[in-house]
Enquirer: 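Once you've had a glance at the structure underneath, I'll fire off some questions.
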Amino acid sequence: MRLSKYLFFTAKEVPADTELISHKLMLKAGLVRPVASGLYAFLPIGYRVLNKIISIVKEEMDRIGAQQLLLPFVQPAELWKKTGRWDEYGQELLRFQDRKGSWFVLSPTHEELITRLAGDILTSYRKLPVVVYQIQIKFRDEPRPRGGVIRSREFWMKDAYSFCQDDEQMGKIYKEMQSAYERIFSRCGLSYKVVEAESGPIGGDVSHEFISLAPNGEDRIVECDSCGYSAKLERARSRVKMESKEREKALEEVNTPDVKTVDEVANFLNIPLAKILKTVVYQTERGLLGVVVRGDHQVNEDKLKKLVKLEELNLAPDELIYENIGVEVGFVGPVGVDNWCLVVDEAVMQGRNFVAGANKKDTHFINVNPGRDFSPEIIGDIRYVLPGDECPVCGASLKVKRGIEIGHLFKLGDRYSSKLGAFFLDQKGKKHPLIMGCYGIGISRLPAAIIEQNNDKDGIIWPREVAPFDCVVIPAGDEVFDFSREVYLNLKDSPIEVVWDDRDVSAGVKFKDSDLVGIPFKVIVGRTFLKEGKIEIKKRGSGEIIKASKKDLTAKLMELIQDGE
RNA sequence: CGGGGCGUGGCGCAGUCUGGUUUAGCGCGCUUGCUUUGGGAGCAAGAGGUCGUCGGUUCAAAUCCGACCGCCCCGACCA
């Protein structure tokens with residue numbers, strides 16, 4: 001490839017409001033270009049990287065016997081109505097009508113389609129298990145696309161689906177898929193974590209996410225260095241520290257004029273946040289819910305929803321609270337209220353002598369004791385884990401880290417197959433729903449995730465397997481231009497992927513551009529060649545220079561590329 | 001859903017508050033020529049803009065007012 005003829009450009013400036021390094025570098029290096037909110041064009045260099053990633057994914061999927069297929073990007077609404085997701089999926093599902101007025105959706109995912117297909121074809125236990133996958137575009141009408149290709153509306157995804165007779169078969173495939181993912185992400189040069197996850201709108205019980213570690217990532221995970229426990233923050237648990245058993249003191253009112261927030265109360269009474277009870281009032285389909293957590297904790301609504309088994313859960317508006325509790329927000333507490341369902345976090349139950357709102361203007365109670373002063377209807381884990389909490393498995397101190405979700409595994413069970421009538425017959429001729437799993441990889445966000453972990457002040461440093469090219473031949477000086485062409489043509493005949501920077505610009509520009517784009521090796525033909533007859537190979541990451549004669553160049557490079565892990 | 005910001009050649013920005021010397025500037029990139037050429041070169045000459053759209057105010061609008069469209073950022077309820 002001659003660079004002078006390649007659709008290639010680099011930019012010195014990118015919009016001032018781009019935050020992420022990967023976003024900046026992808027724009028600067030000319031990998032992608034924004035087209036509209038959450039829509040990106042992949043230019044040739046960027047598309048090469050994407051294809052490298054796709055090849056790795058294909059190889060590893062094929063290795064575990066998954067079969068590639070292609071489903072349509074546009075799906076009829078009917079299927080989505082059958083599974084209920086036409087209503088459940090919300091505004092992220094982009095819907096439109098064809099000329100006849102029939103409704104369709106742009107696929108945000110493909111469970112419905114693949115399940116119906118499987119139901120038509122996989123009618124016998126003899127064919128099971130089967131794993132299929134596809135690599136194609138998805139569309140989710142995100143409320144706020146951000147971070148370049150990390151959260152875009154249109155994106156590439158690898159989605160695989162497994163169909164099994166029973167949970168045991170399913171479990172085996174789930175494990176195989178997990179190790180395939182581990183190989184894929186390692187080959188991409190990523191440092192990642194596997195964590196327990198929530199399944200969200202896809203549904204299902206067991207779910208794991210692969211998180212690429214990145215300080216700016218939008219997902220937060222909890223992990224234990226000591227035993228290896230790790231989970232998404234939303235579902236992470238922690239052990240409740242046993243409080244020293246203080247003696248229960250007598251309940252007392254204190255005057256707290258205009259002291260409303262937990263922070264204000266802590267300051268005003270000069271006590272730690274953990275000694276305050278935070279009472280949050282929710283509105284649900286079955287009336288008001290009083291939710292109590294410690295002042296230093298936050299209510300985890302996902303956990304709360306699961307615990308109380310309610311669908312609708314919204315913070316109650318101020319007026320509604322005033323009407324029902326008779327006090328303004330800020331002085332609400334659990335003591336003496338009976339027209340709500342009281343849900344209390346387990347950590348609260350371990351404590352003694354708390355401060356809480358007294359349900360009276362400008363007044364708090366001190367020495368509030370759970371059990372004595374109020375009786376919860378439901379007790380459970382409804383809080384977010386905090387850094388330093390004790391690991392639920394081994395008790396060591398937990399850490400909270402950030403990252404980017406790059407892969408997700410779900411055990412779906414029969415959620416889709418039952419609703420869509422995807423059944424098979426067992427040995428005895430008995431009908432069962434197919435037991436399903438689904439497994440995604442965010443293909444088009446992977447370049448960004450990789451760049452987040454592999455860059456320096458000069459630009460991108462691609463790991464070997466995903467680099468757009470292995471090397472670039474750089475002529476440094478007019479006298480060597482013709483010879484550099486020879487060098488290029490020689491390399492082109494080898495398996496090495498080479499590009500020749502034949503542009504009429506100074507050598508400095510070529511070096512800078514090569515560094516920015518992240519080509520692993522520069523093959524420099526210049527003054528060293530004129531002086532010593534040697535060609536230089538310069539490594540992108542370390543800057544190390546290896547000299548080779550024209551004769552040895554290809555072999556030397558092949559060797560370096562192989563070692564370049 | 002709430003708050004904030006932005007829209008000026010391909011890209012990044014200034015100019016808008018205080019309307020009129022602005023023929024609408026600057027940097028990057030682009031074209032041509034000469035000199036350069038191992039880490040984003042210099043000089044010279046050029047091309048390229050209905051100042052997001054529509055409407056209003058005014059003798060006069062990139063600048064003031066209104067509506068719309070597009071884009072970006074922050075927050076999403078913790079009492």
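Letters A, B, ... are given to chains in the order of the sequence lines, protein chains preceding strands, and every chain is numbered from 1.
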Enquirer: For B:rC78, which nucleotide in any strand shown is its Watson-Crick or wobble partner with both distances under 3.5 Å?
Expert: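 Looking at the geometry, B:rC78 pairs with no nucleotide.
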Enquirer: For B:rG49 and B:rU23, measure between their C1' atoms and round to the nearest Å.
Expert: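 Taking atom C1' in both B:rG49 and B:rU23, they lie 13 Å apart.
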Enquirer: Not counting sequence neighbours, which residues clear salt bridge (charged side-chain N to carboxylate O under 4.0 Å, His left out) with A:D296? List them please.
Expert: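 Per chain and number, A:D296 pairs via salt bridge (charged side-chain N to carboxylate O under 4.0 Å, His left out) with A:R294.
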Enquirer: With sequence neighbours left out, write down each residue that passes salt bridge (charged side-chain N to carboxylate O under 4.0 Å, His left out) with A:K539, or none if nothing qualifies.
Expert: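 Expected list: A:E544.
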Enquirer: Please determine, for B:rA41, whether a Watson-Crick or G-U wobble partner exists with both distances under 3.5 Å, and give it or none.
Expert: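 Answer to the pairing question: B:rU35, which forms a Watson-Crick or G-U pair with B:rA41.
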Enquirer: Report the base-pairing partner of B:rU18 (Watson-Crick or G-U wobble, both distances below 3.5 angstrom), or none.
Expert: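 B:rU18 is unpaired by these criteria.
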Enquirer: On a whole-Å scale, what distance lies between the P atoms belonging to B:rC51 and B:rC1?
Expert: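 So the two P atoms sit 33 Å from each other.
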Enquirer: Suppose you measure atom C1' in B:rC11 against the same atom in B:rC71; what distance do you get, rounded to whole Å?
Expert: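 About 16 Å, rounded to a whole number of Å.
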Enquirer: Using the P atom as the point on both nucleotides, what is the distance between B:rA45 and B:rG25, in whole Å?
Expert: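 Those two atoms are separated by 16 Å.
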Enquirer: Which nucleotide, if any, forms a Watson-Crick or G-U wobble pair with B:rC6, using both distances under 3.5 Å?
Expert: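 The base-pairing partner of B:rC6, which may sit in any strand shown, is B:rG70.
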Enquirer: May I ask you to say what A:V281 touches in the nucleic acid, namely base, sugar-phosphate or nothing, with a heavy-atom cut-off under 4.0 Å?
Expert: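 Answer is base: heavy atoms of A:V281 come under 4.0 Å of a base.
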Enquirer: In chain order, what residues pass the salt bridge (charged side-chain N to carboxylate O under 4.0 Å, His left out) check against A:D470, with sequence neighbours excluded?
Expert: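 None.
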Enquirer: What are the bounds, 5' to 3', of the part of RNA chain B that sits under 4.0 Å from heavy atoms of chain A?
Expert: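 Reading along RNA chain B, I get B:rG10 to B:rA79.
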Enquirer: Taking only distance into account, with no hydrogens and no angle test, what donor-acceptor pairs under 3.5 Å do side-chain atoms of residues 523-536 of chain A form with protein atoms, sequence neighbours excluded?
Expert:
residue, atom, partner, partner atom, Å
A:T528, OG1, A:E536, OE1, 3.1
A:E532, OE2, A:K547, NZ, 3.2

Enquirer: How close do A:V368 and A:L277 get, heavy atom to heavy atom, and via which atoms?
Expert: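 Where A:V368 meets A:L277 most closely, the heavy atoms are CG1-CD1, 4.2 Å.
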Enquirer: Using both distances under 3.5 Å as the test, list the Watson-Crick or G-U wobble partner of B:rG46, or none.
Expert: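 Pairing partner: B:rC30.
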Enquirer: Going by the rule salt bridge (charged side-chain N to carboxylate O under 4.0 Å, His left out), which residues pair with A:K24 if we only count those two or more places apart in sequence or in a different chain?
Expert: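 A:K24: no salt bridge (charged side-chain N to carboxylate O under 4.0 Å, His left out) contacts found.
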